[in-house]
Every structure is written in C-alpha cells, then in structure tokens.
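Since the structure comes first, as structure tokens, the remarks are kept for the end.
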Amino acid sequence: MTKASDARATPPVDVLVVGGGNAGCAAAIAAARSGARTLLVERYGFLGGTATAGMVGPWMTFHAGSERIVGGIAQEIVERLVARGASPGHIHDASDYVPTITPFDPEAHKALLFELMSEAGVSLLVHAYFLDALLDVHGAVVGARVATVAGARELRGTVTIDATADAYVAASAGVAVQQGDERGRVQPASLMFRLSHVDLGELASYLRTHADQARTSLAPQERSAESMTAVAGLYDLWERARSAGDVRVPRELVSFFASPYPDEVTVNMTRVVDIDPLDPDDLTRAEVEARAQVTQLVAFFRRDVPGFAKARLAATAAQIGIRESRRIVGEYTLTRDDVLEARTFDDAIARSAYPIDVHNPSGSGTTTQRLPPGAAYEIPYRCLVPLSVDGLLVAGRCISTTHEALASTRLTPTVMTLGQAAGTAAALAVLADVTPRNVDTGALRERLALDGVDLRRPARAR
C-alpha cells in the first residue's frame with residue numbers, strides 16, 4: 001500500500017470521478033455542465049470502458065416498446081455519433097430480443113468522448129490506476145490515491161463518484177458489498193470481436209431458404225442484408241460444428257449484430273464460465289481462453305456460415321467484457337420484483353425496460369425474464385448512495401441491486417443515465433454544501449428532466 005506521505009497531492013476539485021467508462025463519462029460531463037470543478041480519472045489512455053476497451057455493442061435498449069425512454073447525455077452521444085456516420089442510430093432488433101439496438105463505432109466513440117470532456121471543461125487524468133480511497137477522520141471519502149507513470153498521486157474531491165464498475169472505491173472505503181448470486185457465482189465473461197469483409201446479402205439469402213434458422217419475426221421474404229440487423233440462430237450449422245469438435249464454446253446459438261458499416265458485424269459469442277472477475281488469476285485465464293475461442297469462432301464463420309468465406313478479423317476487444325462483479329449495499333437495493341413489476345419511485349433518476357437476462361455462470365444457456373409489453377421500471381437515487389459511508393456516490397453496474405436486478409441494470413443506456421444522475425447530484429451537493437445522501441431529490445429530478453433525462457411515467461404508473 002502506498003503511504004500518503006509518498007504520494008504527490010494535486011489541487012482539490014468539487015467532483016472527482018474514478019473510472020472513465022460510459023457511466024463515469026456521463027457523470028463527469030453532467031457535473032461539469034452543472035458548474036462543478038470536475039476531474040475524471042481513467043486507467044486506459046482513452047475513455048469509454050466496456051464500450052471501447054470491451055467493444056461491447058450494440059447498445060441495448062433505449063426503448064420500451066415503441067417509446068424511447070432513455071434521453072439526456074446518452075441520447076446526445078448517439079446523435080453525435082450518427083452525425084459523423086459512426087452509428088445508424090436506434091434500429092429494429094431483427095432477433096426480437098429488445099425493441100431496438102444501437103450499433104456504434106468504438107473508435108469514433110473514443111474520439112467523441114474526449115471532445116465532450118473538452119467542451120464541458122472536465123479535467124482528465126488517464127493512465128492512472130486506482131489504489132485506495134482517501135478518508136477523513138469520520139470515515140467519509142475525500143478522494144482517491146492513484147498510481148501513475150510518475151508515481152502515486154492523491155486526488156481530492158468534495159464528492160467522489162465510484163464509476164469503476166467493480167466498486168473499487170466503495171470497497172476500499174469500507175462500504176458493504178455483495179457479489180454474484182446466493183452462491184457467489186457471477187455471470188460469465190465474453191470477449192467481443194468484429195468481422196469485416198462479410199457478405200450479408202448471401203447470409204440473408206440463406207436465411208430466406210432456411211426460415212427456421214433465425215430467431216426473428218421477419219417473414220422469409222423480408223430478410224435482407226439491411227433488415228437482418230441482428231442474427232440469433234444458425235442452429236444446425238452451430239450444432240454440426242460443435243458435434244465435430246471444431247468449436248468448444250459453451251454457447252447454444254450463433255449471435256452477431258450489425259455495425260455502422262454494411263460489410264462488418266460485431267460478434268458476441270465467446271463465453272468463459274466459472275470466473276471471479278476480482279481474482280487476477282481468473283481474469284488471466286479468461287483472457288487466454290477467450291482469445292482461443294475467438295480463433296475457433298473465426299474459423300467456424302469462414303468455413304461454415306454463408307457470406308463469411310472472405311471474412312477478416314477486424315478487431316478484438318482490449319479486455320474481456322465483464323457482466324457482473326461487486327455491487328454496493330446502498331440506501332435501497334433494487335430487486336427482481338422491482339424490475340419485473342415495473343415499479344416506480346419518488347426519487348427515481350433513471351428508467352429501463354431491458355429484461356432480466358442471466359447468462360449461465362457455469363455453461364451454455366441464458367434465462368430471460370421480461371417486463372410487461374411496453375412497460376419500464378425506475379431506479380431510485382438511493383441505489384447510488386452507500387448505506388453507511390459519506391462523500392461518495394456510485395454509478396454504473398455496481399449500484400445497489402440484487403443479482404437478478406443487476407442482469408437488467410448493467411446495460412449501457414442505463415448506466416449512462418445513472419452516471420448523469422450521479423454527476424448532477426454531486427454538483428448539487430457541492431452547491432448546497434450537503435452530503436450526497438442529503439441531496440434534494442426533487443431538485444435533482446427537475447434538473448435531470450431539464451437536461452433531457454426522460455423521467456415521464458405512463459398513465460397507469462402515475
């Protein structure tokens with residue numbers, strides 16, 4: 001552990017955001033736009049986290065039925081990506097899993113996030129690895145210690161936001177945390193990759209003549225290169241390859257998605273099971289296993305899937321994608337019933353309609369539980385507030401939920417909204433000179449609504 005006396009101190013800020021993934025980026029932008037002096041700290045040399053380092057896409061979903069329920073900074077990012085040709089925007093999910101998907105170019109997203117930080121006046125520190133939380137004599141968080149190429153630094157903020165996805169700051173500060181299901185098992189990890197030089201027209205032709213080989217409501221004659229935005233199926237091809245021993249990936253079907261480009265797809269098929277994402281040896285195993293799976297899968301696509309004979313491996317993610325790790329114990333814990341019954345809260349700061357999808361921690365298969373058609377649930381501000389530690393807010397997948405609820409709240413559109421709420425709340429706390437747990441949630445909701453966050457409720461939920 002680095003001693004405080006060994007670390008170089010930097011000037012304090014109003015809001016310190018640790019973790020530059022999509023949640024942390026939205027938090028930093030919101031705090032700075034609200035007038036707070038804001039510093040965003042990130043371990044990589046770029047921002048975007050799971051969306052860029054993990055290349056996890058497309059984003060799912062901004063909609064409940066036909067209604068867009070995610071706005072604010074998340075929607076602003078989509079619109080700016082669309083304007084530069086790096087996303088088609090929200091498009092129909094041909095695999096019928098969610099109403100819409102939002103493909104994006106991770107490289108364009110990296111550049112855009114730096115631009116947004118500059119425009120908002122956010123200070124940045126990249127290539128900085130979190131070491132531990134800084135606490136005052138009362139146990140409140142007053143900042144963080146990070147490792148840089150020049151040694152350790154002490155970063156102090158009136159309010160600190162843990163956007164590390166793994167609750168590193170919270171755990172270091174003594175916040176109670178939970179992990180996994182009742183047996184401590186977490187969902188498997190997946191390494192994303194992209195294939196280019198793909199002929200989606202040839203694939204669509206195959207799916208027109210093999211109607212039962214895709215999970216879709218599109219009639220065979222409706223299946224085209226443009227309409228097949230997501231493919232889930234190719235069951236016979238996949239089972240034949242597995243039976244022959246050509247692939248050894250614990251998946252039950254082939255799954256890939258459209259990208260912003262007509263000859264490229266994003267593949268979500270690797271699966272490393274029985275992993276503890278907070279164990280460095282497990283993480284090492286996961287990276288090695290996942291890349292071996294990518295090699296098998298690329299060969300499968302080229303050999304067996306129509307339209308992929310000339311496919312090239314365009315990119316693999318810089319890190320394996322983690323679906324689940326630690327969660328804090330907050331002032332409120334969102335539950336499975338809260339999600340599935342589309343519950344509302346007086347202090348709601350985000351809405352989502354994504355189903356609960358739990359990927360089997362130890363093998364193939366995914367269990368999906370859905371909300372009523374067109375319904376959305378709300379996430380209360382209290383899920384961002386640790387139960388017993390002051391000076392700290394949490395944003396992203398490590399908010400206070402149960403294992404089942406996390407399987408819905410972890411998706412990117414939701415975590416961006418949570419980040420915007422955390423950043424706005426932190427700025428309001430500084431302005432009012434109160435702790436984050438004492439922020440006026442009515443004022444917070446008003447500010448979020450003014451900034452484009454959709455907190456409207458359907459008539460039946462009022």
Side-chain angles (χ1 to χ4, degrees), residues 19 21-24 26-27 49-50 56 60-61 64 69-70 161-171 175-189 276-278 321-359 361 366-371 375-389 392-422 425 436-437 441:
N22 277 343
T50 299
V56 176
M60 300 179 177
T61 174
I69 61 169
V70 176
I161 297 174
D162 183 342
T164 63
D166 296 312
Y168 285 123
V169 182
V175 174
V177 294
Q178 298 176 332
Q179 182 172 329
D181 61 13
E182 67 278 359
R183 290 191 280 167
R185 301 179 308 164
V186 302
Q187 297 196 51
D276 178 354
L278 300 176
I322 301 299
R323 291 182 173 89
E324 177 182 12
S325 62
R326 266 186 303 232
R327 314 179 304 274
I328 70 160
V329 176
E331 290 197 330
Y332 185 84
T333 298
L334 194 77
T335 68
R336 168 189 176 277
D337 289 345
D338 291 333
V339 172
L340 297 181
E341 296 177 12
R343 289 178 179 166
T344 60
F345 299 90
D346 290 341
D347 61 336
I349 43 77
R351 301 170 69 200
S352 175
Y354 192 80
I356 291 176
D357 73 336
V358 180
H359 296 245
T366 300
T367 301
T368 302
Q369 302 174 75
R370 297 186 178 278
L371 284 74
Y377 67 91
E378 296 181 342
I379 302 173
Y381 174 67
R382 287 165 290 159
C383 290
L384 282 60
V385 182
L387 187 60
S388 58
V389 174
L392 180 67
L393 286 170
V394 173
R397 73 163 185 253
C398 50
I399 65 168
S400 182
T401 69
T402 63
H403 165 72
E404 294 84 2
L406 170 65
S408 172
T409 61
R410 64 184 176 84
L411 276 294
T412 300
T414 306
V415 303
M416 284 197 277
T417 309
L418 294 172
Q420 183 169 355
R437 76 177 68 253
T441 55

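None of these values were measured; they are calculated from a predicted model. Below, all heavy atoms of this structure are taken into account, side chains as well, without hydrogens, waters or symmetry copies. When a residue number appears, it is its place in the shown sequence, counting from 1.
- Remark: the backbone N or O of A165 is paired with a side-chain donor or acceptor of R397 at under 3.5 angstrom.
- The shortest heavy-atom contact between V186 and E324 is CA-OE1, 3.5 Å.
- Side-chain atoms of T402 never come within 3.5 Å of backbone atoms of T335 as a donor-acceptor pair (strictly under, hydrogens ignored).
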*Could you go through the side-chain contact (heavy atoms from CB on, under 4.5 Å) check for V175 and L387 one step at a time?*
CA-CA 7 Å; V175 174; L387 187 60; over 6 Å; no

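- Pairing each heavy atom of P413 with each of V70, the nearest pair is O-CG1, 3.9 Å.
- A search for salt bridge (charged side-chain N to carboxylate O under 4.0 Å, His left out) contacts involving R185 returns D181, not counting sequence neighbours.
- A side-chain N or O of D162 and one of T164 form a donor-acceptor pair less than 3.5 Å apart.
- Using modelled atom types and a 3.5 Å distance limit, the side chains of S325 and D166 yield a donor-acceptor pair.
- Between the side chain of E331 and the backbone N or O of V385, no donor-acceptor pair lies under 3.5 Å.
- Side-chain polar atoms of D276 and Q179 form a donor-acceptor pair below 3.5 angstrom.
- Smallest separation of non-hydrogen atoms from V358 and A407: CG2-CB, 3.8 Å.
- In terms of heavy-atom proximity, L418 sits nearest to L384 at O-CD2, 3.8 Å.
- Partners of R382 by salt bridge (charged side-chain N to carboxylate O under 4.0 Å, His left out), not counting sequence neighbours, listed by chain and number: D347.
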